[in-house]
Amino acid sequence: MKFIMKGEEIMNETLKTLKERRSIRKYKKEQISDEQLNLILEAGSYAPTGMGMQSPIMVVVQDEETIKELSKMNAEVMGTNTDPFYGAPTVVVVLADRGCRPTYVEDGSLVMGNLMNAAHAVGVDSCWVHRAKDVFASERGQELLKKWGVEGDYVGIGHCILGYRDCEYPEAEARKENYIVRV
């Protein structure tokens, strides 16, 4: 994506990342690097939040058994027995403090967006897997939060799965005609 700024053509990598990132639904077993993970998490921590309350938290899961358990719980909510995490080796669970009304859901959603866009920027693929609200409202979900040391009234926002794709990179769908309305 090129822009003309004060007569000079520039390439804006941020806008390029936002335009090119796609959700990936098939992953290699290879784990992402700690350096990549740390950059992705840092970007997530800088997502805007309502009134600067920073209601979200991120729980990083790379243990294969815990990922399998989360996958099974998510699949049960969905009513299936398939792997909704598509074999991804890293899952970042985004939760938000319900007490930070009225924007905790939006705050956590912005964290999810930052995580996915940052992942693309550092060469990692991602996908937002929903149903975290139901997973962590369950008795087993509450037990996991307690086990992880997460205290408070946290609501599941999403699971950001991370890894290296084991498939062709998907093409973008054409943008719908009425996406932008100017008045």
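Just so it is clear, the values below take in all heavy atoms, side chains as well, and ignore hydrogens, waters and symmetry mates. Along the sequence shown, the residues carry numbers beginning at 1.
Taking CG of N74 as the reference point, atom CG of D83 lies at 9.0 Å (rounded to 0.5 Å).
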Walk me through whether D107 and S55 qualify under side-chain hydrogen bond (donor to acceptor under 3.5 Å, both in side chains). CA-CA 7 Å; D107 296 347; S55 67; 2.9 Å; yes

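I40 is not connected to L18 by any chain of hydrophobic side-chain contacts under 4.5 Å among Ile, Leu, Val, Met, Phe, Trp and Tyr, and they are in different clusters.
Inspection of the Q36 and Y164 side chains reveals an N or O donor paired with an N or O acceptor under 3.5 Å. A donor-acceptor contact closer than 3.5 angstrom is absent between the side chains of T49 and Q54.
Among S126, P170, C127, the one residue that satisfies the side-chain contact (heavy atoms from CB on, under 4.5 Å) test with I24 is P170.
Put simply, the side chain of L70 reaches to within 4.5 Å of the side chain of L144, judged on heavy atoms. With a 4.5 Å cut-off on side-chain heavy atoms, L95 and V155 do not count as touching. Annotation: side chain of R131 is in contact with side chain of P84 (closest heavy-atom distance under 4.5 Å).
In terms of heavy atoms, I161 sits closest to A88 at CB-CB, 3.6 Å.
Within the 3.5 Å criterion, the main-chain N or O of F136 finds no donor-acceptor partner in the side chain of Y154. Side chain of R98 to main chain of A96: no donor-acceptor pair is present (N/O by atom type, distance under 3.5 Å, no hydrogens or angles).
Among residues at least two apart or in separate chains, there is no ring-ring contact (aromatic ring centres under 6.0 Å, His included) pair with a member in residues 89-124. Residue pairs satisfying the ring-ring contact (aromatic ring centres under 6.0 Å, His included) criterion with at least one member in residues 47-86, sequence neighbours excluded, are listed as follows: F85-H159.
Ion pair R140/E143 flagged as a salt bridge, since at least one NZ, NE, NH1 or NH2 atom sits closer than 4.0 Å to an Asp/Glu carboxylate oxygen. A salt bridge links E64 to K68: at least one charged side-chain nitrogen sits closer than 4.0 Å to a carboxylate oxygen.
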